[in-house]
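Below is one structure, written out as structure tokens, with a few remarks after it.
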Amino acid sequence: MRGCAFTLYQPHKSQPKMHFGIIDDIAAHLAAAAKLEVVEIAADPCPADMAGDITVNCFRLAKALRRKPDDIAADVAAFCNSHEDVESAECIKAFVNVTLTTVALFRDTVANSAALLPRTIVADGEKERFLVEYSAPNTNKPQHLGHVRNNTLGMAIGSILKRVGHDVTLVNLINDRGVHICKSMIAYQRFGDDCTPESTGMKGDHLVGDFYVRFDQEFKKQVAELKERQPELADAKEEELLPQTELGAAAYAMLRAWEDDDPEVRALWEKLNGWVLDGFNATYARAGTEFDRVYFESDTYILGRDIIDDGLQRGVFTRRQDGAVEIDLEARKLGRKVVLRSDGTSVYVTQDIGTTVLKHRDFEPTAMVWVVGDEQKYHFDVLFAILQALGYEWAGNLHHLAYGMVNLPQGKMKSREGTVVDADDLFDGMTDLARQKTLEKWPEVPDDIDRRAHVIAMAAIKLMLLKVGLRSTIKFDPEAAIRFEGDSGPFVLYNYARIASLKRKTADADLPAAVDWSLLGEPAERALAMRCAGYVEVLGRAAREFDASLVAGYLIDLARDFSSFWNACPVLKAKPVVARTRLELCTVVAAILGDGLDTLTIGKLESM
RNA sequence: GCGCCCGUAGCUCAGCUGGAUAGAGCGUCUGCCUCCGGAGCAGAAGGUCACAGGUUCGAAUCCUGUCGGGCGUACCA
């Protein structure tokens, strides 16, 4: 059940967590009866259709207490019914459904602001220094929706970890060298006519990306010719034929020239990379994507070789007869992995060993996280295994945040074939839609229409990407696009804006200063208060499990609960004290919505 | 072949540290603007949780097997 907020109640732990007085007392009562020091009580929110606020599941207590579930339930129900916080308690099988008094319910939830929105959530002893790497783009093409998912996840996870109290450093590793980069360079050299972003009016990353596509088109022609000349190659894969084509050979030659510091090639490389990076920075800025430190693979790809040499001497690696260096990871069921080619050059994992050690030296994190697609799971399993084999004491706390890909209805996105949802196009399209909807709504054009449209568009995109589970493949249908209704970013923003509007309207209203929670008690009010109480637990779990979808789902649930309340319980029309108290409830909801949106790096609007 | 992930409503997805009658959104249907923002609310219809066994007082959830889909299994990154 989503929003299952206080599943496990652990009174002995110091973390701030919502406390229900009644649960404390039940725990103490049961502990005393069983002569135990501590009893952990599983308390869930009561199912919606059942009468009650909290459910105590006595099946789970049976083992610890060595009593029959029904017996415990009867005991708990009887105890509850004589407790001042309890309106009524009903025992069904081994479940006890507890209906709190209005006073107790609000006292232990929305009135307890210190526990509702604590500044930090992890205990001091559990604080980590996290290094989170994400984005890691190639500088040969513009970013698409798949990158946007990565960037959004990286920002959100980093932000969630910060929110609960960890120290977090966000890192990007730009993949700015390699054959794929040379492909764009070759195509530009041959077909570019010295064009520039200025001369074409194009964003730099798109300009370079077009040459990457052009390379592929020309390459395919050469492959076709090659296969015609040599029919025995008919079944060969295109990639395997790359070195055998004239274009491919040119790309490899260019890569060697680059590594030899050929001034002409380096100048071209710096020019094109500069354009792409300018384009990336513009895209990052729109989405609020930020990094504390950016590494470039052109600086780091050499690293790792010394570490391999050292490991070779210590027997971690072995040199094969053909000269290649490998590690035996059969014991971990990862096979044998080459770490240096027979010509002495590095492979992917060797570079990552180097950059990981470098990043660790630079920041001395206690935990490292990589936000990288799940198709690279094997790579990270191998990387972590090698680092452990090398004896780095910090290698036990490395995490690959493996997320699923974003597909289109017709299948995978492929930059080379132009079947991608481009990040900038997506941002533009959504912003236009948001602007259109905003204009339809207001007779006068709001001054900050551009900002509103931008915030709404980004909220729609980010929440669409964040609300689904990390591992799920997202099927993105451009026809249906991203919705502004239902389970959406704009829906969450909308409810936040409603509250802001209400606060403006009541700013100079003549309402009493004191709230009186005892006057509330509508089902929608109780449900909303209970939902609010679950925020802290959601944040904590999201941080423990690196799962931003928990926060995203919670915000949608909270917004929905608020929306029901809004329809059922008018604020302004109510009696002054009730109005004052309901306004306080709204303020609490807005604070949590705002905190959650901030935590997911989604903007807020006071009016939309 | 082996490894990992996935299969839940017409569609897109939650739920998976085992608990009561499996939940949202979209779409369909019915109501609701003399009422604080209708980007909304209330309600209806829609499910053998891929299939078969097993463990358990209790299985969508854990275990085994089968079927179907994706990814990986490079001296590519």
Side-chain angles (χ1 to χ4, degrees), chain A residues 1-2 4 7-8 42 44 46-50 55 57-60 62 68-69 92-95 97 136 138 175 177-180 239-240 242 297 320 322-326 333-335 337-349 351-352 373-379 381 402 404-405 407 412 434 437-438 440-441 456 460 464 467-469 471-477 480 483-491 493-495 497-506 524 541 545 549 553 556-557 560 563-574 579 582-583 586 607-608:
Chain A
M1 178 186 317
R2 172 169 276 157
C4 190
T7 316
L8 197 59
D44 300 305
C46 201
D49 294 346
M50 301 269 193
T55 295
N57 181 339
C58 298
F59 282 113
R60 294 183 190 158
K68 287 181 178 171
I92 302 174
K93 290 190 243 175
F95 296 96
N97 292 334
N138 294 338
N175 188 341
R177 48 137 262 134
V179 208
H180 53 296
E239 277 303 306
E240 290 168 7
L242 183 61
E297 202 185 276
R320 295 196 318 215
D322 61 6
V325 176
E326 65 175 18
K333 310 225 173 200
L334 294 170
K337 177 70 190 173
V338 168
V339 292
L340 282 183
R341 299 189 186 98
S342 45
D343 65 2
T345 56
S346 298
V347 296
Y348 180 37
V349 76
Q351 293 174 33
D352 253 356
D374 59 10
E375 73 275 10
Q376 292 199 36
K377 183 180 184 301
Y378 175 73
H379 168 74
D381 285 348
M405 47 178 74
N407 288 339
K412 287 178 73 166
K437 284 211 94 167
T438 309
E440 280 168 16
K441 181 160 188 156
I456 293 166
M464 184 272 301
K467 74 180 181 186
V468 305
R471 310 204 82 102
S472 301
T473 306
I474 293 179
K475 205 178 294 174
F476 181 81
D477 185 354
R483 302 192 175 276
F484 287 27
E485 298 90 30
D487 277 357
S488 71
F491 175 65
L493 289 187
Y494 179 65
N495 284 291
R498 275 170 153 177
I499 298 172
S501 167
L502 180 65
K503 284 203 251 183
R504 285 192 295 275
K505 285 215 163 71
T506 53
R541 195 177 151 202
E545 299 176 10
S549 72
I556 290 167
D557 287 341
R560 194 186 298 118
S563 206
S564 297
F565 157 80
W566 177 269
N567 266 51
C569 306
V571 176
L572 294 182
K573 278 181 72 179
R582 283 182 176 162
L583 190 58
C586 291
S607 181
M608 68 182 274

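Per chain, numbering begins at 1; letters A, B, ... match sequence-line order.
Separation of the P atoms belonging to B:C2 and B:A74 is 16 Å when rounded to the nearest angstrom. Straight-line distance between the P atoms of B:G68 and B:C26: roughly 36 Å, to the nearest whole Å. B:U56 and B:A44: their P atoms are spaced 39 Å apart (whole Å). To the nearest whole angstrom, the two P atoms, one in B:C11 and one in B:G58, are 33 Å apart. Here the separation of B:G70 from B:C29, taken at their C1' atoms, is 37 Å to the nearest Å.
For A:Phe491, the ring-ring contact (aromatic ring centres under 6.0 Å, His included) criterion is met by no residue, not counting sequence neighbours. Remark: A:Glu545 engages A:Arg541, A:Asp547, A:Leu550 in a side-chain contact (heavy atoms from CB on, under 4.5 Å) (not counting sequence neighbours). Applying the salt bridge (charged side-chain N to carboxylate O under 4.0 Å, His left out) test to A:Lys437 and every residue at least two apart in sequence or in another chain returns A:Glu485. Taking the ring-ring contact (aromatic ring centres under 6.0 Å, His included) definition, one finds that A:Tyr378 meets it with nothing, sequence neighbours left out. Residues satisfying the salt bridge (charged side-chain N to carboxylate O under 4.0 Å, His left out) test with A:Asp343, not counting sequence neighbours, are none. Residues satisfying the ring-ring contact (aromatic ring centres under 6.0 Å, His included) test with A:His180, not counting sequence neighbours, are none. Applying the salt bridge (charged side-chain N to carboxylate O under 4.0 Å, His left out) criterion to A:Asp381, with sequence neighbours excluded, gives A:Lys377. The salt bridge (charged side-chain N to carboxylate O under 4.0 Å, His left out) check on A:Arg498 picks up nothing, with sequence neighbours excluded.
At the heavy-atom level, A:Asp381 lies nowhere under 4.0 Å from the strands shown. Base engagement by A:Asn57 is indicated by at least one non-hydrogen atom pair under 4.0 Å involving a base atom. Across all strands shown, A:Ala497 has heavy atoms under 4.0 Å from base atoms, whether or not it also approaches the sugar-phosphate. The residue A:Val571 sits close to a base: some heavy atom pair falls under 4.0 Å.
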Using a cut-off of under 3.5 Å, enumerate the N/O to N/O pairs linking the protein to nucleotides 8-13 of chain B.
from  : atom 1 : to       : atom 2 : distance (Å)
B:U12 : OP1    : A:Lys475 : NZ     : 2.9
B:C13 : OP1    : A:Thr473 : O      : 3.2
B:C13 : OP1    : A:Lys475 : N      : 3.1

Write out a two-atom table: protein N or O, nucleotide N or O from nucleotides 2-4 of chain B, distance below 3.5 Å.
none

Between the protein and nucleotides 38-45 of chain B, are there any N/O to N/O pairs under 3.5 Å, and if so, what are the atom names and distances?
from  : atom 1 : to       : atom 2 : distance (Å)
B:G38 : OP2    : A:Arg498 : NH2    : 3.0
B:G38 : OP2    : A:Trp566 : NE1    : 3.4
B:A39 : OP1    : A:Lys441 : NZ     : 2.8
B:A39 : OP1    : A:Tyr494 : OH     : 3.3
B:A39 : N7     : A:Lys441 : NZ     : 3.2
B:G40 : OP1    : A:Gly486 : N      : 3.0
B:G40 : O3'    : A:Ser563 : OG     : 2.9
B:G40 : O2'    : A:Arg498 : NH2    : 2.9
B:G40 : O2'    : A:Ser563 : OG     : 3.0
B:C41 : O4'    : A:Asn567 : ND2    : 3.0
B:C41 : O2'    : A:Asn567 : ND2    : 3.4
B:A42 : OP1    : A:Ser564 : OG     : 2.7

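Once the 5.5 Å centre distance and the 30° plane angle are applied, the aromatic ring of A:Phe95 is found stacked with the base of B:A20.
For B:C67, the base adopts the anti conformation, since its glycosidic angle falls more than 90 degrees from zero.
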- Query: Can you give the dot-bracket line for RNA chain B, using ( ) for pairs inside the strand, [ ] for pairs that cross earlier ones, | for pairs with another strand and . for unpaired bases, where Watson-Crick and G-U count if both distances are under 3.5 Å?
  - Reply: (((((((..((((.....[...)))).(((((.......))))).....(((((..]....))))))))))))....
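Taking 4.0 angstrom as the limit, A:Ser501 places none of its side-chain polar atoms (N or O) nearer than this to OP1 or OP2 of B:C36.
Counting only heavy atoms from C-beta on, A:Lys573 has its side chain closest to B:C35 among B:C36, B:C71, B:C35.
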